[in-house]
Colleague: 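Starting off with a structure, shown below.
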Amino acid sequence: MPFKRPLSSNLSMPMTPLEELRHSCSHVLATALLRVFPDAKLDIGPPTDTGFYYDVDLEHKLTTDDLARLEAEMKKIADENQAFTRKEVSRDEAIAIIQGIGQERYKLGRLADIPEGEKISFYQNGEFVDLCAGTHVRYTSKLKAFKLLSIAGAYHRGDEKNKQLQRIYGTAFPSKDELANYLTQLEQAKLRDHRKLGRELKLFHIDEDVGQGLILWTPNGAVIRQELQTFISEELRKQGYHQVFTPHIGKLELYKTSGHFPYYKESQFSPVIENDSLARAIGENCACGEVFARLEAVSGKLRESINQRTGREAITADRVRPDDQLLDGFMLKPMNCPHHIKIFASQPHSYRDLPVRLAEFGTVYRWEQSGELNGMTRVRGFTQDDAHLFCTEEQVAQEVLGCLSLVKIVLTTLGMQDYRVRVGLRDPDSNKYTGDAANWDKAESACREAAKTLGVPFTEEPGEAAFYGPKIDFVIKDVIGREWQLGTVQVDYNLPIRFDLSYIGADNAAHRPVMIHRAPFGSMERFCGVLIEHFAGDFPTWLAPEQVRLVPISDKTLDYARGLLARLKAEGLRATLDEHSDKLGAKIRRAELDKVPYTLVIGQKEAEAQSVSVRSRARGDEGVMTADAYIAKVKAEIAARALPDKKKAAPASP
RNA sequence: GCCAACAUAGCUCAGCUGGUAGAGCAACGCUUUCGUAAAGCGUGGGUCAUCGGUUCAAAUCCGAUUGUUGGCUCCA
């Protein structure tokens with residue numbers, strides 16, 4: 001859950017009334033916790049965007065039954081109508097109070113976080129005292145509508161090296177109605193979860209035997225992906241991109257040159273070692289550790305050239321091995337850039353050629369932690385709608401702008417208006433970045449300027465940059481409020497140096513191009529996952545796996561329906577015919593549950609008049625029209641990539 | 001990877017404290033030929049995630065493994 005406030009008790013901003021309410025709930029939760037479990041050691045309990053939590057260190061493993069107990073105790077505390085009182089104390093007094101209540105384990109550390117000179121305050125309600133800057137409601141009776149939701153593990157201070165505490169999540173609202181509203185909203189949201197819809201609408205499948213986080217696109221999902229790819233390919237042609245294809249693997253040396261191996265090996269699949277090389281290593285009795293060391297080793301020549309070009313100790317001496325000790329292998333590509341770079345470098349370029357824009361729906365593989373995998377939105381193999389632009393320094397700002405406008409076209413066409421833009425800048429305190437500071441400054445300001453032109457609010461986020469350059473990310477929320485990064489535009493001054501890229505300028509001298517990485521969808525998998533939730537499975541006709549369902553009223557009109565089906569298919573429409581011997585109502589119901597945009601009802605009247613009775617999923621019964629008129633209408637709708645009309649009132653629950 | 005919960009038919013789920021598996025929907029067959037969200041009857045389908053243990057007996061208890069879910073950490 002996103003939590004934007006600083007976690008220290010030093011809150012620079014005053015709390016909103018809702019945050020105050022929720023934070024007060026945290027304290028009441030802590031009060032209840034200590035009543036039920038007197039040995040609980042408390043950490044912190046802030047409000048969040050959607051509620052509140054309290055982190056607690058407790059021998060007893062909390063269960064959902066405990067949640068009910070705690071909630072009942074919280075209700076009692078609210079009924080006791082305890083007053084929240086504030087007391088400011090000196091640091092020594094604070095230590096004494098914390099020791100007095102036996103909460104030294106975490107609270108002393110939290111106290112130490114408060115800078116010298118800041119006020120130190122405690123809040124008390126009933127018997128419970130907590131180090132806290134506030135603020136709070138005046139009385140616990142103000143807390144009328146709260147609910148404990150879940151228990152989760154959370155590392156103390158968010159550091160996986162620390163002890164994992166138990167976090168109790170809850171939410172609270174000013175009124176019972178608002179709380180009930182929120183809870184039904186949560187239920188509603190679950191109905192459009194892409195994992196649920198993906199199964200129901202047969203869009204994708206993840207199979208245990210194939211592997212975690214590996215998406216199998218079933219026929220219906222494949223249609224959506226294919227339509228999206230066609231759509232974006234059209235836009236790319238308009239904007240002067242060239243389509244390329246590259247393989248799924250590349251030699252380790254390639255990634256040693258780019259710097260992605262071994263520095264990011266934690267998030268990569270292990271290298272694939274050739275049979276011969278492996279046999280040789282085994283023949284030399286290499287232990288496992290030695291095999292890995294040889295895989296990671298580089299030649300003196302590579303080290304020298306990279307270090308010279310980057311002007312720093314990019315590859316340290318200890319990684320160098322004599323050539324006969326280098327073990328070669330292949331990597332499943334974790335990104336497409338090196339392959340595209342090699343295409344660019346395969347021929348000389350004049351400044352007149354630039355920008356060179358190479359695009360590919362490129363599949364990449366990343367070793368994500370198992371706990372992070374999530375349906376289509378976090379996977380281990382995915383296809384980026386990737387492109388790399390090679391341009392001059394002067395063209396950077398213009399090209400970044402072009403990339404942003406592409407992202408905007410995509411999101412507008414799909415009706416996705418609710419997104420935020422994040423400009424990722426480097427963390428000034430970190431040294432993980434490559435490339436020199438002057439170039440970084442230039443790239444960062446180009447991104448900032450481009451983002452300003454979008455007309456959408458954006459935030460600058462230090463530390464969010466890629467290791468090779470600053471970036472602009474488009475972030476969209478899923479149905480349960482989790483944020484996912486989709487489109488991205490990243491400036492890169494680093495890889496052109498590492499790969500020694502050049503072009504010939506007007507001055508007849510070699511110059512270094514700048515690279516821009518960009519992917520408007522981000523990945524087809526994540527984008528489709530978010531898209532399923534965005535449309536709740538009700539795809540616009542151009543994307544719908546099945547666009548038209550023919551529903552004959554009885555077998556008597558089957559022949560006409562079959563002829564019509566053949567015609568619709570010949571017109572390029574994705575149509576099917578329901579040949580079940582059910583009543584009309586049942587066939588309509590089935591088409592609605594399958595979320596087919598158009599159902600054509602065909603009875604005697606229609607067969608005689610060569611017409612169809614059109615039922616739109618979005619707009620209901622649209623009456624009878626000739627088959628010709630219908631075909632023209634739906635083809636126009638598809639060609640325009642029209643969005644579905646406003647939903648009619650929800651039907652009786654299925 | 002960590003904490004916790006969960007895993008029974010294609011799907012949604014029942015099966016209490018151990019006595020060898022059940023419903024609805026879906027599928028298939030027959031009857032019905034129907035005008036805008038569910039016609040009737042019948043049939044088939046499960047090594048209860050996997051492996052091991054306890055027991056006369058395990059879907060049920062215990063352990064491991066795999067996977068899923070919610071968080072945490074991570075995301076070039």
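Just so we're clear, the structure is a prediction, and the values are computed from it rather than from any experiment. In what follows, chains carry the letters A, B, and so on, assigned in the order in which the sequence lines appear, proteins first and then strands, with residues in each chain numbered from 1. Side-chain atoms are counted along with the backbone in the values below, which use heavy atoms only and exclude waters and symmetry mates.
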Colleague: Sticking with atom C1', work out how far B:rG44 lies from B:rA4, rounded to a whole angstrom.
Modeller: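 The answer is 40 Å between these two C1' atoms.
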Colleague: Taking only residues two or more places apart in sequence, or in another chain, which ones meet A:N374 in a side chain to side chain contact (heavy atoms under 4.5 Å, CB included)?
Modeller: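 A:N374 satisfies side chain to side chain contact (heavy atoms under 4.5 Å, CB included) with A:H194, A:R195, A:T377, A:R378, A:R482, A:W484 once adjacent residues are dropped.
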Colleague: Which of parallel (below 30°), tilted (30 to 60°) and perpendicular (above 60°) describes A:Y255 and A:H339?
Modeller: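 A:Y255 and A:H339: tilted rings.
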Colleague: Could you work out, with ring-ring contact (aromatic ring centres under 6.0 Å, His included) as the rule, every residue matching A:F499, not counting sequence neighbours?
Modeller: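 None.
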Colleague: If you measure from the P atom in B:rC13 to the same atom in B:rA9, how many Å do you get, rounded?
Modeller: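 Going atom to atom, P in each nucleotide, I get 11 Å.
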Colleague: Distance check, C1' atoms only: B:rU60 and B:rA14, in whole angstrom units.
Modeller: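 Nearest-Å result for B:rU60 against B:rA14 at atom C1': 14 Å.
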Colleague: Just the atom pairs and distances: protein N or O near nucleotides 4-13 of chain B's N or O, under 3.5 Å.
Modeller:
| unit_1 | atom_1 | unit_2 | atom_2 | d |
| --- | --- | --- | --- | --- |
| B:rU12 | OP1 | A:R199 | NH2 | 3.0 |

Colleague: Whole-Å distance between B:rC75 C1' and A:K265 NZ?
Modeller: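 One finds 18 Å between C1' of B:rC75 and NZ of A:K265, rounded.
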Colleague: Could you check A:N374 against A:M335 and say which one's nearest nucleotide on RNA chain B is further toward the 5' end?
Modeller: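 This one resolves to A:N374.
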Colleague: What I want to check is whether an N or O donor and acceptor connect the side chain of A:R378 with the base of B:rC75 at under 3.5 Å.
Modeller: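 Counting by modelled atom types and ignoring angles, a donor-acceptor contact under 3.5 Å is found here.
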Colleague: Tell me which one of A:K595, A:R589, A:R590 satisfies side chain to side chain contact (heavy atoms under 4.5 Å, CB included) with A:L593.
Modeller: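 By the side chain to side chain contact (heavy atoms under 4.5 Å, CB included) criterion, A:L593 pairs with just one of A:K595, A:R589, A:R590: A:R589.
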Colleague: Which part of the nucleic acid does A:E266 contact within heavy-atom distance under 4.0 Å: base, sugar-phosphate only, or nothing?
Modeller: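 Contact class for A:E266: none.
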Colleague: Using ring-ring contact (aromatic ring centres under 6.0 Å, His included) as the criterion, list what pairs up with A:H517, not counting sequence neighbours.
Modeller: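 Per chain and number, A:H517 pairs via ring-ring contact (aromatic ring centres under 6.0 Å, His included) with A:H388, A:Y468.
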Colleague: Can you name the salt bridge (Lys or Arg N to Asp or Glu O under 4.0 Å) partners of A:E266, sequence neighbours left out?
Modeller: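 Checked A:E266 against salt bridge (Lys or Arg N to Asp or Glu O under 4.0 Å); zero matches.
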Colleague: Parallel, tilted or perpendicular: which describes the rings of A:Y419 and A:F474, with under 30° parallel and over 60° perpendicular?
Modeller: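 A:Y419 and A:F474: tilted rings.
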Colleague: Nearest-Å distance, CD1 (A:I168) to P (B:rC72)?
Modeller: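 After rounding, the reported distance stands at 15 Å.
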Colleague: When the C1' atoms of B:rG24 and B:rU20 are compared, how many Å lie between them, rounded to an integer?
Modeller: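 Rounded to whole Å, the distance is 25 Å.
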Colleague: Once you apply a heavy-atom cut-off of 4.0 Å, does A:P334 come out as touching a base, just sugar-phosphate, or nothing?
Modeller: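 Base contact - A:P334 has a heavy atom under 4.0 Å of at least one base atom.
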Colleague: For RNA chain B, whose closest nucleotide is more 5', that of A:H260 or that of A:K587?
Modeller: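 Taking each residue's closest nucleotide, the earlier one in sequence belongs to A:K587.
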Colleague: When you measure from the side chain of A:D43 to the backbone of A:D57, do you find a donor-acceptor pair of N or O atoms at a distance under 3.5 Å?
Modeller: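 Not a single qualifying donor-acceptor pair exists.
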Colleague: Just call it for A:G259: base, sugar-phosphate, or nothing, with non-hydrogen atoms closer than 4.0 Å on any strand.
Modeller: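 The answer is nothing, as A:G259 stays clear of every strand by at least 4.0 Å.
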Colleague: State which residues pass ring-ring contact (aromatic ring centres under 6.0 Å, His included) with A:Y263; sequence neighbours excluded, sorted by chain then number.
Modeller: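 A:Y263: no ring-ring contact (aromatic ring centres under 6.0 Å, His included) contacts found.
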Colleague: Just how far, in rounded Å, is C1' of B:rG70 from CG of A:L149?
Modeller: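 Between C1' of B:rG70 and CG of A:L149: 11 Å.
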Colleague: Is the base of B:rC2 touched by the side chain of A:E160 through a donor-acceptor pair closer than 3.5 angstrom?
Modeller: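 In this structure, the two groups form no donor-acceptor pair.
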Colleague: Using atom P of each nucleotide, how far apart are B:rC6 and B:rA21 to the nearest Å?
Modeller: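 Straight-line distance between the two P atoms is 24 Å.
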Colleague: Given B:rA76, B:rA37, B:rA38, which nucleotide is nearest the side-chain atoms of A:L593?
Modeller: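 Of the candidates, B:rA37 comes closest.
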Colleague: Starting at CZ of A:R549 and ending at P of B:rG35, how long is that distance when rounded to a whole Å?
Modeller: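 It is 20 Å, rounded to the nearest whole Å.
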Colleague: Using the C1' atom on both, measure B:rA76 against B:rC2 and round to a whole Å.
Modeller: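 The same atom, C1', in both gives a distance of 23 Å.
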Colleague: Can A:R167 and A:D55 be counted as an ion pair, charged N to O under 4.0 angstrom?
Modeller: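 Answer for the salt bridge query: yes.
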Colleague: With pairs defined as Watson-Crick or G-U wobble and both distances under 3.5 angstrom, please note down RNA chain B as a dot-bracket string, | for pairing with another strand.
Modeller: (((((((..((((.....[..)))).(((((.......))))).....(((((..]....))))))))))))....
Colleague: Can you confirm whether or not the ring centre of A:Y106 sits under 6.0 Å from the ring centre of A:H156?
Modeller: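 Yes - the distance between ring centres of A:Y106 and A:H156 falls below the 6.0 Å cut-off.
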Colleague: Please tell me which of the listed nucleotides, B:rG35, B:rC2, B:rA38, lies nearest to the side chain of A:Q164?
Modeller: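 In terms of side-chain proximity for A:Q164, the closest of B:rG35, B:rC2, B:rA38 is B:rC2.
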Colleague: Could you run down the sub-3.5 Å N/O contacts of the protein with nucleotides 27-33 of chain B?
Modeller:
| unit_1 | atom_1 | unit_2 | atom_2 | d |
| --- | --- | --- | --- | --- |
| B:rA27 | OP1 | A:H580 | NE2 | 3.4 |
| B:rU31 | O4 | A:S581 | OG | 3.4 |
| B:rU32 | N3 | A:S581 | OG | 3.3 |
| B:rU32 | O4 | A:S581 | OG | 3.0 |
| B:rU33 | O2' | A:K556 | NZ | 3.3 |
| B:rU33 | O2 | A:D555 | N | 2.8 |
| B:rU33 | N3 | A:D555 | OD2 | 3.0 |
| B:rU33 | O4 | A:D555 | OD2 | 2.8 |

Colleague: Expressed as a whole number of Å, how far does the C1' atom of B:rG63 sit from that of B:rU69?
Modeller: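 Looking at atom C1' only, B:rG63 and B:rU69 are 23 Å apart.
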Colleague: Determine whether a donor-acceptor pair (one donor, one acceptor, N or O, separation below 3.5 Å) exists between the side chain of A:Y155 and the base of B:rG71.
Modeller: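 Donor-acceptor pair under 3.5 Å: no.
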Colleague: With heavy atoms under 4.0 Å as the rule, sort A:A152 into base, sugar-phosphate or nothing.
Modeller: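 Answer is base: heavy atoms of A:A152 come under 4.0 Å of a base.
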Colleague: Looking at A:K342, A:K333, A:H340, which hits side chain to side chain donor-acceptor pair (under 3.5 Å) with A:T246?
Modeller: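 One option only clears the test, and that one is A:K333.
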Colleague: With sequence neighbours excluded, tell me which residues meet salt bridge (Lys or Arg N to Asp or Glu O under 4.0 Å) with A:E160.
Modeller: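 A:E160: no salt bridge (Lys or Arg N to Asp or Glu O under 4.0 Å) contacts found.
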Colleague: Can you identify which nucleotide, out of B:rC72, B:rA37, B:rC74, has its nearest atom closest to the A:R615 side chain?
Modeller: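 The nucleotide sitting nearest to the side chain is B:rA37.
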Colleague: Is the side chain of A:Q490 donor-acceptor paired with the backbone N or O of A:A465 at a distance under 3.5 Å, no angle test?
Modeller: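 Flag not set: sc A:Q490 to bb A:A465 has no pair under 3.5 Å.
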Colleague: Between C1' on B:rC75 and CD on A:E464, what's the gap in Å once rounded to a whole number?
Modeller: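 For the pair A:E464 CD and B:rC75 C1', the rounded distance is 10 Å.
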Colleague: Could a donor-acceptor pair under 3.5 angstrom be found where the side chain of A:S613 meets the base of B:rU36?
Modeller: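 Pair found.
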Colleague: Less than 3.5 Å apart, which donor and acceptor atoms pair up between the side chains of residues 596-608 of chain A and the rest of the protein, not counting sequence neighbours?
Modeller:
| unit_1 | atom_1 | unit_2 | atom_2 | d |
| --- | --- | --- | --- | --- |
| A:Y598 | OH | A:R619 | NH2 | 2.9 |
| A:Y598 | OH | A:E637 | OE1 | 2.4 |
| A:E606 | OE1 | A:G603 | N | 2.8 |

Colleague: Looking only at atom C1', what distance separates B:rC61 and B:rG45, rounded to whole Å?
Modeller: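 Here B:rC61 and B:rG45 have their C1' atoms 30 Å from each other.
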Colleague: Any N or O donor-acceptor pair under 3.5 Å from the base of B:rG35 to the side chain of A:E606?
Modeller: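 Flag set: donor-acceptor pair detected.
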Colleague: Before accepting this row, confirm whether a basic side-chain N of the pair A:E253/A:K256 lies closer than 4.0 Å to the acidic partner's carboxylate O.
Modeller: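 No salt bridge links A:E253 with A:K256.
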Colleague: With sequence neighbours left out, which residue pairs that include part of residues 467-476 of chain A fulfil the salt bridge (Lys or Arg N to Asp or Glu O under 4.0 Å) condition?
Modeller: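 Sorted result for residues 467-476 of chain A: A:R422-A:D473, A:K471-A:D473.
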Colleague: OH of A:Y365 versus C1' of B:rA76: gap in Å, rounded?
Modeller: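 Whole-Å distance recorded here is 18 Å.
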Colleague: Could I get a table of every N or O pair under 3.5 Å where one atom is in the protein and the other is in nucleotides 62-68 of chain B?
Modeller:
| unit_1 | atom_1 | unit_2 | atom_2 | d |
| --- | --- | --- | --- | --- |
| B:rU66 | O2' | A:E208 | OE2 | 2.8 |
| B:rG67 | OP1 | A:Q212 | OE1 | 3.1 |
| B:rU68 | OP2 | A:Q212 | NE2 | 2.6 |

Colleague: Categorize A:G585 for me: base, sugar-phosphate, or nothing, with a 4.0 angstrom heavy-atom threshold over every strand shown.
Modeller: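 If one applies the 4.0 Å heavy-atom cut-off, A:G585 turns out to touch the sugar-phosphate alone, with no base involved.
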